[in-house]
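Quick notes on the structure that follows.
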Amino acid sequence: MSKMSNLDLVLDEMITAGQKMIEATTALREMFSETAVSEKEAGLDWDNVESWHFPHTSELVPVAFVPNKKGHMDSWMKWFNSEAERYLKHNPDSEADVLSLDEFLDNINDEDGEGYDPTGTTENEDKAFLIMTINMLIADLAAQDEKMGKIISLLAEGYQKKDILDKVDLGRGKTQGYAFIEKTQKLAKELYDKNYR
């Protein structure tokens, strides 16, 4: 490669870096205007703006430190880091880790085990539907008898009949309590078959 083409490459890189500095400075000015801190209030001297490179991005971030009161450094650094992260996330030139639908579908059957087929199972939807159905059934039973709703709710949570007798005051003896729980289960099954099947 000739010296002239090397010089052209260096000049192109310098021009690109200069353009990025201008964009970064503009973004910094926008950040200050969005946070309602004026340049004068912040003590910002535009001659002191630097560009920093952050991990996971090829973009430069404009950085300018201003004087602040003692004891506030931690809070200002948290603010600075959150603003830098916000800037990097909204920068259209940053390389986003975006997966297209076609690429997603192509990766479903990859041998590396990283693929995932969201259409392969309806387990989550089935569970959600079952929970909604149980809640509606409990509400129907509670409308007839509040104790019946409570019994089915406790059964759905995994309680045994003997534990339910301790938790719900049925106002009956042990044998009558077991009979009432069984009657409630039978009624719940009938309502389920009638309204939710």
Side-chain angles (χ1 to χ4, degrees), residues 30-31 34-37 54-59 61 71-197:
E30 288 172 7
M31 277 192 265
E34 289 173 10
T35 56
V37 175
F54 282 82
H56 312 297
T57 182
S58 60
E59 299 300 315
V61 176
H72 297 284
M73 184 66 167
D74 289 339
S75 60
W76 278 106
M77 287 307 294
K78 284 180 186 176
W79 177 83
F80 166 75
N81 287 326
S82 68
E83 288 298 305
E85 184 177 339
R86 184 182 64 79
Y87 170 77
L88 292 171
K89 283 182 180 177
H90 291 91
N91 189 352
D93 296 332
S94 66
E95 296 177 15
D97 189 17
V98 177
L99 188 64
S100 71
L101 178 61
D102 292 335
E103 191 176 354
F104 182 75
L105 293 174
D106 289 342
N107 291 339
I108 287 174
N109 296 321
D110 275 355
E111 294 175 8
D112 62 4
E114 297 293 322
Y116 169 71
D117 183 3
T119 62
T121 181
T122 59
E123 182 180 355
N124 292 333
E125 291 83 1
D126 293 343
K127 285 179 184 177
F129 182 72
L130 180 60
I131 290 169
M132 287 188 320
T133 303
I134 290 172
N135 288 335
M136 289 187 293
L137 179 63
I138 290 169
D140 288 348
L141 284 168
Q144 290 183 18
D145 184 341
E146 190 176 321
K147 291 177 182 177
M148 287 183 171
K150 183 70 174 167
I151 288 170
I152 296 299
S153 177
L154 291 170
L155 285 170
E157 291 176 24
Y159 285 93
Q160 300 295 319
K161 290 178 185 177
K162 63 181 179 173
D163 299 326
I164 293 172
L165 289 175
D166 293 336
K167 291 196 168 283
V168 180
D169 181 24
L170 298 176
R172 300 164 190 200
K174 193 173 187 179
T175 305
Q176 291 175 334
Y178 279 109
F180 187 74
I181 291 172
E182 288 176 15
K183 177 184 169 188
T184 302
Q185 287 176 301
K186 184 178 177 184
L187 181 61
K189 184 179 180 331
E190 290 171 6
L191 277 174
Y192 175 77
D193 289 340
K194 180 183 173 190
N195 297 336
Y196 301 105
R197 258 205 179 171

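Owing to the predicted nature of the structure, the values given are computational and were not obtained by experimental measurement.
Contact check for L191 versus Q144: side-chain heavy atoms found under the 4.5 Å cut-off. With contacts defined as side-chain heavy-atom distances shorter than 4.5 Å, the pair K186/E190 qualifies. Side-chain atoms of L137 and N195, non-hydrogen and from C-beta on, never get closer than 4.5 Å to each other. In this structure the side chain of L154 never reaches within 4.5 angstrom of the side chain of D163, judged on heavy atoms.
Atom OH of Y196 sits in a crowded spot, with more than 12 heavy atoms from other residues, nucleotides or ligands closer than 6.0 Å. When the shell of 6.0 Å around NZ of K161 is examined, it contains more than 12 heavy atoms from other residues, nucleotides or ligands. With a 6.0 Å radius and a threshold of 12 heavy atoms from other residues, nucleotides or ligands, Q160 has its CD atom at or below the threshold. Heavy atoms from other residues, nucleotides or ligands lying under 6.0 Å from CD of E146 number 12 at most.
With rounding to the nearest 0.5 angstrom, the CG atom of D140 is 11.5 Å from the CD1 atom of I152. Atom CD1 of I138 and atom OG1 of T133 lie 11.0 Å apart (nearest 0.5 Å). Here the straight-line distance linking atom CG of D145 with atom CG of L141 works out to 9.0 Å at 0.5 Å rounding. Interatomic distance, L165 CG to I181 CD1, rounded to the nearest 0.5 Å: 4.0 Å. Summarising the geometry, atom CE belonging to M148 is positioned 7.5 Å from atom CD1 belonging to I151; distances are rounded to the nearest 0.5 Å. With rounding to the nearest 0.5 angstrom, the CD1 atom of I134 is 10.5 Å from the CD atom of E157.
Residues Y159 and D166 bring no donor and acceptor atom of their side chains to less than 3.5 Å of each other.
Remark: D193 pairs with K189 by the side-chain hydrogen bond (donor to acceptor under 3.5 Å, both in side chains) rule, at least two apart or across chains.
For the pair T184 (side chain) and F180 (backbone), a donor-acceptor distance under 3.5 Å is present.
Applying the salt bridge (Lys or Arg N to Asp or Glu O under 4.0 Å) test to every pair with at least one member in residues 169-179, sequence neighbours left out, gives no pairs at all.
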